[in-house]
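Take a look at the structure set out below.
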Amino acid sequence: MIGKILSNEEGSSAKFFIYSAIFWLVIGMGAGLLGALEFSFPDLTRGIEQLSFTRLRPAHVNTVAFGWLSMANIGSALYIIPALCKTKLHSEKLANFVCYVWNFVIAAGFISLVNGYTEGREYAEYREPFDILVIVGLLLLSYNLFKTVLDRKVKKLYVSVWYIMGAFFWMPLVYIVGNRTFVAMEGLNDGILNWFYGHNILGMWFTVLGVGIAYYMVPKMSGKPVWSHSLSMLGFWTIAFFYAPTGTHHLLQSPVPEWLKALAVIFSAALVIPVITVLTNFYMSMRGSWWMMTTNMPLRFVLTGAFWYLVTCIQGPFQATRGINWYIHFTQWVVAHAHAALLGTFTFFVIGSIYYGLQRITGRRIYSVRLVKWHYWLLLIGFTTFFFSLTIGGLQQAVGWALGYPVAQWGLMLPPMWLFRSIGGILMFFSACLFAYNIYMTAHEDSISTKEELDIAVPVEVK
Amino acid sequence: MSDDKKIGAKGYILPAAVVAFSFLLIYTVVVIIPDMTMVNIKASEYAMEYIAKDADGNVIKDDMGIPVPNQAGKGRAIYVREGCFYCHSQFVRPQDRDFGSKVNAGDYANETPNVLGTSRTGPDLSNEGGKMPDAWHLGHLKDPRAYTPGSIMPSFSYLNDEDISNLVSYLQTLGIKRFEDPHNRGIYEAYYPEADDAFWKASEHHKPNVDSAAAANAGAGIFRQNCAVCHGTNGLGNGPNALAMNKKPANFSRPFFKAYSDKTWYYKVAEGVPGTRMPRWKLKLEPEQMWYLVAFLKTLPQDREVIIQDYQTINDKDWETQSQLPGRLIENYHHIGAKKAAGTYEPNPGGETAGGTGH
């Protein structure tokens with residue numbers, strides 16, 4: 001019985017994490033879409049407190065951040081680390097157990113957030129019991145992966161291993177520091193801690209995991225080695241040093257100490273270095289083989305992510321400078337930027353990794369290449385619509401704030417932007433449904449391919 | 001190196017130590033030092049209080065020894081629970097206009113969890129207290145679009161009466177201590193409908209003679225500084241802001257304004273006009289200044305072209321569009337209107353454009 005629930009089969013935990021993640025992607029995106037529609041039709045769910053925008057927003061953020069992106073990244077890490085170490089995962093049972101715990105947290109967290117049981121701090125809304133379960137899960141996963149690395153059969157650690165190990169080292173620390181369950185401070189200090197956490201969950205968790213996965217996927221799928229190993233190491237160490245103090249750039253004009261703001265601005269600007277190194281490495285690795293994007297769908301996902309990574313990470317350091325923050329802060333521009341990182345970049349990375357990795361773990365071909373293509377184009381067009389409508393809307397808001405017009409006046413200019421954002425959201429939600437259907441059919445299909453067949457099949461043929 | 005041999009942590013202890021050290025260093029700089037330097041920030045005199053106190057100023061505690069929140073404190077919990085801070089910030093930046101005085105570190109001493117906010121889909125609420133009456137907040141929370149046309153705020157009609165009155169009580173305390181001007185504080189008290197007598201009593205303070213030319217001259221300056229941007233320099237409802245408004249500002253040359261009593265003028269200036277962008281000027285102006293304005297507004301000329309007989313000939317549609325036309329056009333329009341009335345009107349004679357020629 002226990003053997004059935006907590007499987008010890010190789011790759012079972014990675015599969016479990018990835019399937020759960022896709023389920024939460026559909027739920028989380030649905031919540032986000034409904035919230036977006038309420039901008040255009042504010043009385044859409046009038047009187048239903050669980051579906052009010054203010055309740056849906058934390059549910060959406062936490063479900064896509066912890067349910068979808070974290071779980072999908074963990075699922076990918078759970079097969080990338082053993083693959084790179086040429087060994088088995090230390091304990092599949094333990095990882096499966098963590099997946100149950102996290103699924104419980106996301107489900108119970110979603111229900112409690114829409115019912116108003118919230119901690120009330122952006123990105124850290126889960127209440128105490130869930131915080132503790134998340135930490136338990138993270139520590140068990142860290143233990144599991146570090147043990148796997150210690151058991152490895154190759155001497156040299158590939159850069160992806162560095163990134164993923166870094167993520168599993170930093171994330172428990174960031175999570176502990178950022179949640180009032182563990183570290184509680186009063187007044188403004190609470191705000192500083194809130195944004196230490198709020199930004200580092202991006203930097204020390206999603207970025208390092210996502211980049212680590214992409215560092216594995218790009219050479220693996222293109223068949224070309226990483227252009228420069230030392231450059232990749234430089235990227236890792238600069239991210240390790242520069243990312244952590246940047247959170248205060250969310251509070252640049254609040255009364256927090258000036259030196260703290262200066263530190264945040266300088267370090268945010270310095271983040272250009274890891275970004276440039278990572279992207280240089282990806283682009284140079286692909287030199288001469290960009291044509292592979294046309295035939296290899298997982299690679300196309302990853303490289304599209306790398307394009308959005310350029311957009312979001314060039315925006316980031318500039319936005320954090322005082323002059324631009326003065327203008328852009330408080331507007332929907334920032335929302336577009338945040339989605340460009342988590343959706344445009346890391347979601348694209350991890351989708352590529354799922355399409356590639358799931359074939360290897362299950363030994364089955366993806367059910368339908370046509371659906372993969374639909375998924376790609378709907379997601380890309382949907383997200384591009386979303387990004388540009390919010391960016392333009394944000395600039396309109398910025399004018400309003402800068403010139404001191406009342407909200408009620410410039411608010412009337414934004415409805416077209418809200419509508420375009422929702423249209424993008426509908427396309428993305430539909431693409432997520434196709435994705436889930438495709439993966440479901442893949443898991444239930446009978447045709448099990450041999451390794452040789454898969455090696456041929458991995459670059460998904462375009463007919 | 002053979003593939004079967006386990007490698008272990010040897011050789012990677014130093015890099016791992018560097019990672020750990022770097023993180024702890026950053027953590028110290030970003031979290032521990034600020035906490036050490038800021039932990040003793042004392043609550044300023046403007047910091048809001050969310051703990052209930054008895055008459056002697058002692059903190060009231062429940063059976064468990066936990067301080068009981070006061071009504072504002074309970075309202076704050078609703079504010080946090082309903083996620084108001086996702087769209088309303090609570091810090092005033094130096095460049096912000098109309099959000100009141102800046103908020104300093106000590107003012108946040110009792111603000112836990114923080115509700116600074118990172119997005120403004122709605123206005124900043126740092127100094128919201130007293131800007132609007134309780135009844136306005138109550139209605140606005142339940143039915144935002146009935147109070148501010150075009151608002152996208154969700155309706156909080158699902159909150160029960162106790163929650164919503166606590167929330168309103170919290171909103172009314174926001175920044176209220178920063179009203180340093182006793183005059184403003186008086187205005188706050190005068191917000192309540194039952195304080196109508198107080199409203200008129202306050203208005204009598206330094207009331208000038210509204211029929212004097214001197215008062216009207218003083219009012220002209222105040223009008224150009226504050227009102228002309230919407231109502232136009234001559235009060236024709238054609239200021240630059242009028243272009244962007246759905247509900248156009250009033251054109252004071254319309255005949256019915258001549259029927260206004262002094263008190264009606266004063267009340268509309270002081271309290272604003274619901275459903276429009278007309279602000280409540282008593283938040284900005286002294287009663288004396290508003291009386292000067294009244295004196296000036298009374299002197300604005302009535303549109304000469306509009307006489308009672310003419311009034312019948314202008315249909316409702318024209319009447320509506322008239323106020324939306326820029327000032328110069330209105331004059332021409334009335335030329336046309338008069339010609340129409342006299343039956344001598346030719347549309348566009350000799351390529352003459354609407355705004356091209358004068359009178």
Side-chain angles (χ1 to χ4, degrees), chain A residues 38-39 42-43 46-49 52-55 57-58 86 116 118-122 150-153 155 157 166 169-170 173 177 180 185-194 196 240-241 244-245 247 250-251 253-255 257 260 263 326 330 334-335 401-402 404 406-409 411-412, chain B residues 1 3-9 12 19-20 22-23 26-27 29-31 34-35 37-39 41 80-86 89 91 93-98 103-105 108-114 116 118-120 122-123 144-145 148 150-155 157-158 244-246 277:
Chain A
E38 284 176 30
F39 276 69
D43 285 322
R46 188 196 164 100
I48 310 171
E49 59 177 304
S52 163
F53 169 75
T54 53
R55 299 279 184 88
R57 187 189 138 134
K86 294 205 187 332
T118 169
E119 209 166 290
R121 296 163 83 242
E122 246 178 303
L150 287 180
D151 289 345
R152 72 191 184 280
K153 305 251 168 53
K155 182 161 188 298
L157 289 176
F169 171 74
W170 288 313
L173 285 169
V177 174
R180 288 190 64 77
M185 290 187 197
E186 307 302 309
L188 260 192
N189 290 338
D190 183 60
I192 296 172
L193 274 194
N194 192 174
F196 173 82
F241 275 106
H250 289 258
L251 302 170
Q253 285 173 309
S254 72
L260 198 56
L263 198 72
W326 181 96
F330 284 146
V334 181
V335 181
W401 291 125
V407 179
Q409 189 168 327
L412 295 177
Chain B
M1 180 72 56
D3 274 5
D4 297 317
K5 203 175 163 190
K6 277 193 180 181
I7 283 143
Y12 289 96
V19 175
S22 67
F23 186 83
I26 288 160
Y27 178 63
V29 170
V30 178
V31 176
D35 191 49
T37 54
M38 291 178 64
V39 80
I41 287 193
V80 169
R81 188 188 80 191
E82 295 306 325
C84 306
F85 60 92
Y86 291 122
S89 63
F91 64 91
R93 305 178 297 172
Q95 74 268 30
D96 284 334
R97 281 164 55 187
D98 266 1
V103 192
N104 297 315
Y108 289 103
N110 302 329
E111 302 285 335
T112 313
N114 76 91
L116 293 167
T118 52
S119 181
R120 275 188 197 161
R145 276 154 291 290
T148 41
S151 161
I152 55 164
M153 187 167 117
S155 156
S157 56
Y158 57 79
M245 290 186 181
N246 271 3
R277 302 283 158 67

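Below, chains carry the letters A, B, ... as their sequence lines are ordered, and counting in each starts from 1.
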- request: Any chance you could measure A/Leu188, atom CG, to B/Tyr108, atom OH, to the nearest 0.5 Å?
  value: 6.5 Å
query: Taking C-beta and beyond as the side chain, do A/Glu186 and B/Glu111 meet within less than 4.5 Å on heavy atoms?
result: no
query: Is it the backbone or the side chain of B/Asn104 that comes under 4.5 Å from a heavy atom of chain A, or both, or neither?
result: backbone
- request: Name the member of A/Ile48, A/Thr54, A/Leu173 that forms the most heavy-atom pairs with chain B at distances under 4.5 Å.
  value: A/Thr54
Selection from A/Arg180, A/Arg55, A/Glu38, A/His250 maximising heavy-atom pairs under 4.5 Å formed with chain B: A/Arg55
field: Closest heavy-atom pair and its distance - B/Tyr158, A/Gly47
entry: CB-O, 3.8 Å
- prompt: Of the non-hydrogen atoms in B/Arg120 and A/Trp401, which two are nearest, and what is the gap between them?
  reply: CB-CZ2, 3.2 Å
- request: Select one option (side chain, backbone, both, neither) describing which atoms of B/Arg81 are under 4.5 Å from chain A's heavy atoms.
  value: both
task: Among A/Ser52, A/Gly411, A/Gly247, A/Ala240, single out the residue with the greatest number of heavy-atom pairs under 4.5 Å to chain B.
output: A/Ser52
task: Kindly give the heavy-atom pair with the smallest separation between A/Arg121 and B/Phe85, and that separation in Å.
output: N-CZ, 4.3 Å
Distance-minimising heavy-atom pair for B/Pro113 and A/Glu119: CG-O, 3.8 Å
Greatest number of heavy atom pairs closer than 4.5 Å to chain A - which of B/Ala109, B/Pro154, B/Cys84, B/Pro123: B/Pro123
query: Under a 4.5 Å heavy-atom cut-off, does chain B meet the side chain of A/Thr118, its backbone, both or neither?
result: side chain
query: If every non-hydrogen atom of A/Val407 is compared with every non-hydrogen atom of B/Gly122, which pair is closest and at what distance?
result: CG2-C, 4.0 Å
Heavy-atom side-chain contact between B/Ser155 and A/Asp43 under 4.5 Å: yes
Leading residue by heavy atom contact count with chain B [cutoff under 4.5 Å; candidates A/Gly166, A/Pro42, A/Gly116, A/Pro58]: A/Pro42
Under 4.5 Å from any heavy atom of chain B - which part of A/Phe169: side chain
- request: Mind listing the closest non-hydrogen atom pair of A/Pro255 and B/Ala105 along with its distance?
  value: CB-N, 3.5 Å
field: Inter-residue atom distance A/Gln253.CD - B/Ser89.OG, 0.5 Å rounding
entry: 11.0 Å
message: Within the 4.5 Å heavy-atom criterion, are A/Val334 and B/Thr118 side-chain neighbours or not?
response: no
query: Heavy-atom distance under 4.5 Å between the side chains of B/Asn114 and A/Ile192, does that happen here?
result: no
